[in-house]
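Remember, it's 1-based here, ligands and their atoms both numbered in the order they're listed.
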Amino acid sequence: MKLILLGPPGAGKGTQAAELASHYGIPHVSTGDLFRAAYKSGDELGLKAHEVIQRGELVPDSIVIGLVERKLDSLKGSGWLLDGFPRTMDQATALDSLLERRGQGLDAVLLIEVEGEEIVARLKDRRICRDCGATYHLRFKPPSIQGQCDMCGGELYQRDDDRPATIRRRLAVYVAETHPLIEYYERKGQLVRVDGNKGIDEVMAEVKESLDRLIAERS
Ligand code: AP5
């Protein structure tokens, strides 16, 4: 399966992607995670991207497209679940060209739709494990022990870009740069809308139902 998860910051893309990747056995490729890993390792690209991410802006297309192409090349033969890419029209057309060169196609673009106020509530109380990257929420998905990851015991931290002013900037950038992709994929008949305002498990059930229907139609 070759899937894209689309949606505003905090829609729950990463939360759903982690579960979907393990359920369907496909690699989860998150551009945000790639940049954070590069920053953690002191890589020059990671340092440059970090400055942009902290401002709530998008990393330039020229950097992101090359990074994703290299990542997808390394996954030859397997499917993938793209989380956070594409985010601009140029990224979407670059992905189309890559797939065309390879004689491949996209199976679906899952759009997780969430209201603005809910997004702010989700992001401002999100916590991430410093070691394994697992995602929590102080109210909606709290860890068993405060400040500690249930999976690996690592320390939980708040992302720099989850501060209120940066959240607002990220949302504005989403509307200007990424929102037009909804119509783009809708016209191609690849868009599947999911109501992301429900609880994590309900959203997961709806996503799996849509994907299972798609798989059944194609087999
Ligand atoms: P990235 O890390 O991709 O950030 P994002 O797209 O803004 O998305 P988030 O990770 O913030 O949210 P999410 O939708 O994954 O939600 P989550 O599951 O964590 O990118 C970061 C930055 O990198 C970008 O701003 C940009 O600068 C740069 N970048 C990345 N890709 C790029 C690209 N292609 N081009 C250019 N620049 C790029 O959930 C959020 C919270 O809500 C969690 O606490 C979770 O527990 C909770 N939650 C999830 N689902 C639910 C639910 N249904 N009900 C209640 N709570 C829920």
Side-chain angles (χ1 to χ4, degrees), residues 4-21 28-39 45-46 48-69 71-72 81-95 110-115 117-129 133-143 149-150 156-163 166-179 181 194-207:
I4 291 174
L5 272 182
L6 193 63
K13 301 181 296 296
T15 301
Q16 299 297 330
E19 168 66 18
L20 289 177
H28 169 201
V29 178
S30 155
T31 36
D33 286 349
L34 291 175
F35 290 131
R36 284 183 288 276
Y39 175 68
L45 178 143
K48 273 192 199 153
H50 184 70
E51 279 177 37
V52 179
I53 291 171
Q54 274 188 310
R55 294 199 305 269
E57 306 287 338
L58 292 183
V59 177
D61 286 339
S62 55
I63 295 179
V64 188
I65 292 169
L67 181 80
V68 172
E69 288 194 350
K71 183 70 190 173
L72 296 188
L81 174 57
L82 286 179
D83 162 11
F85 183 93
R87 262 180 221 241
T88 64
M89 205 48 92
D90 282 352
Q91 291 179 17
T93 50
L95 181 63
L110 290 169
L111 170 66
I112 305 183
E113 297 180 290
V114 179
E115 305 299 332
E117 281 315 303
E118 175 71 13
I119 287 171
V120 177
R122 287 187 189 182
L123 289 179
K124 74 179 180 46
D125 286 337
R126 169 166 59 182
R127 296 294 181 270
I128 314 272
C129 174
T135 300
Y136 296 88
H137 189 278
L138 297 182
R139 275 190 297 143
F140 306 135
K141 194 186 170 196
C149 178
D150 291 351
L156 302 186
Y157 78 103
Q158 183 174 30
R159 272 171 46 176
D160 287 342
D161 58 342
D162 280 349
R163 318 268 172 205
T166 317
I167 293 173
R168 281 196 293 279
R169 182 64 199 141
R170 286 162 65 198
L171 284 172
V173 169
Y174 174 80
V175 170
E177 302 285 346
T178 312
H179 198 266
L181 298 186
V194 175
D195 180 3
N197 295 294
K198 300 173 187 164
I200 294 175
D201 294 343
E202 286 170 278
V203 176
M204 176 53 61
E206 195 178 326
V207 170

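Proximity of Val68 to Val29: side-chain heavy atoms (C-beta onward) are nowhere separated by under 4.5 Å. Side-chain contact check for Ile200 versus Gln16: some heavy-atom pair is nearer than 4.5 Å. Counting only heavy atoms from C-beta outward, the side chains of Val194 and Glu113 never approach each other to under 4.5 Å. In this structure, Leu82 and Leu72 have side chains that are in contact, with non-hydrogen atoms separated by less than 4.5 Å. Using a 4.5 Å cut-off on side-chain heavy atoms (C-beta onward), Arg36 and Asp33 make contact. Annotation: side chain of Leu123 is in contact with side chain of Arg170 (closest heavy-atom distance under 4.5 Å).
Distance check: Ile112 CD1 to Lys13 NZ gives 7.5 Å after rounding to the nearest 0.5 Å.
Of the N or O atoms in Glu57, one or more lie within a sub-3.5 Å distance of an N or O in ligand 1. Every N/O-N/O distance between Pro86 and ligand 1 stays at or above 3.5 Å. Considering backbone and side-chain atoms together, Thr15 places an N or O closer than 3.5 Å to an N or O of ligand 1. Considering backbone and side-chain N/O atoms, Gly14 comes within less than 3.5 Å of an N/O atom of ligand 1. Looking at ligand 1, you'll find an N or O of Arg122 within less than 3.5 Å of one of its N or O atoms. Taking any N or O of Thr31, backbone or side chain, at least one lies under 3.5 Å from an N or O belonging to ligand 1. Close N/O approach between Asp161 and ligand 1 is not found [any backbone or side-chain N/O within under 3.5 Å]. Residue Lys13 places at least one N or O, backbone or side chain, under 3.5 Å from an N or O of ligand 1. Residue Arg126 has at least one N or O atom closer than 3.5 Å to an N or O atom of ligand 1. By the 3.5 Å distance cut-off applied to N or O atoms, Lys141 is not counted among the residues near ligand 1.
Not a single heavy atom of Ser30 sits under 4.0 Å from any atom of ligand 1. Heavy-atom distances between Gly7 and ligand 1 stay at or above 4.0 Å for every pair. Ligand 1 lies within reach of Thr135, whose nearest heavy atom is under 4.0 Å from it. Distances from ligand 1 to the non-hydrogen atoms of Arg36 include at least one value under 4.0 Å. In this structure, Gln16 falls outside the shell of residues with a heavy atom less than 4.0 angstrom from ligand 1. Proximity of Arg159 to ligand 1 is established by a heavy-atom distance of less than 4.0 Å.
Ligand 1 places these atoms under 4.0 Å from at least one heavy atom of Leu123: 11 (O). Shown in contact with Gly84 at under 4.0 Å from a heavy atom are these atoms of ligand 1, numbered in order with element: 31 (N), 32 (C), 33 (C), 34 (N). For ligand 1, the atoms sitting less than 4.0 Å from at least one non-hydrogen atom of Gly199 are 53 (N), numbered in the order shown with element in parentheses. Close approach of ligand 1 to Val64 (heavy-atom distance below 4.0 Å) involves ligand atoms 33 (C), 34 (N), 35 (N), 36 (C). For ligand 1, the atoms closer than 4.0 angstrom to any heavy atom of Gln91 are 33 (C), 34 (N), 35 (N), 36 (C).
The backbone N or O of Pro8 lies less than 3.5 Å from no partner atom in the side chain of His179, so there is not a single donor-acceptor pair. No donor-acceptor distance shorter than 3.5 angstrom exists from the side chain of Glu177 to the backbone of Val173, with no hydrogens or angles considered. Under the 3.5 Å distance criterion, the side-chain polar atoms of Gln158 are left unmatched by any main-chain donor or acceptor of Asp125.
Between Val114 and Arg122, the shortest heavy-atom contact is CG2-NH1, 3.8 Å. When all heavy atoms are compared, the tightest approach of Phe35 to Ala49 is CD2-CB, 3.6 Å. Minimum interatomic distance between Arg87 and Thr178 (heavy atoms only, all atoms of both residues): O-OG1, 2.8 Å.
When the options Val59, Val203, Thr166, Leu34 are ranked by their closest heavy atom to atom 36 (C) of ligand 1, first place goes to Val59. One option in Gly32, Pro142, Gly10 has a heavy atom closer to atom 12 (O) of ligand 1 than any other, and that option is Gly10. Across the listed options Tyr136, Phe85, Phe35, Tyr136 owns the non-hydrogen atom lying nearest to atom 44 (O) of ligand 1. Of the listed residues (Arg87, Arg170, Glu51, Lys124), the one carrying the non-hydrogen atom nearest atom 24 (C) of ligand 1 is Arg87.
Side-chain polar atoms of Asp160 and Gln54 form a donor-acceptor pair below 3.5 angstrom.
Ranking the protein heavy atoms by distance from atom 16 (O) of ligand 1 puts Gly12 N, 3.2 Å first. Ile53 CG1, 3.7 Å is the protein heavy atom nearest to atom 28 (C) of ligand 1. In terms of protein heavy atoms, atom 51 (C) of ligand 1 is closest to Ile200 CG1, 3.3 Å. Taking atom 56 (N) of ligand 1 as the reference point, the nearest protein heavy-atom neighbour is Phe140 CD1, 3.3 Å. Looking from atom 53 (N) of ligand 1 to the surrounding protein, the closest heavy atom is Lys198 O, 2.9 Å.
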Between Leu181 and Met89, does a side chain to side chain contact (heavy atoms under 4.5 Å, CB included) hold up when you go through it step by step? CA-CA 7 Å; Leu181 298 186; Met89 205 48 92; 3.6 Å; yes
Walk me through whether Ile4 and Leu95 qualify under side chain to side chain contact (heavy atoms under 4.5 Å, CB included). CA-CA 11 Å; Ile4 291 174; Leu95 181 63; 3.7 Å; yes
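Pairs of residues two or more places apart, or lying in two chains, that qualify as salt bridge (Lys or Arg N to Asp or Glu O under 4.0 Å) and include a residue from residues 53-68 are Glu57-Arg169.
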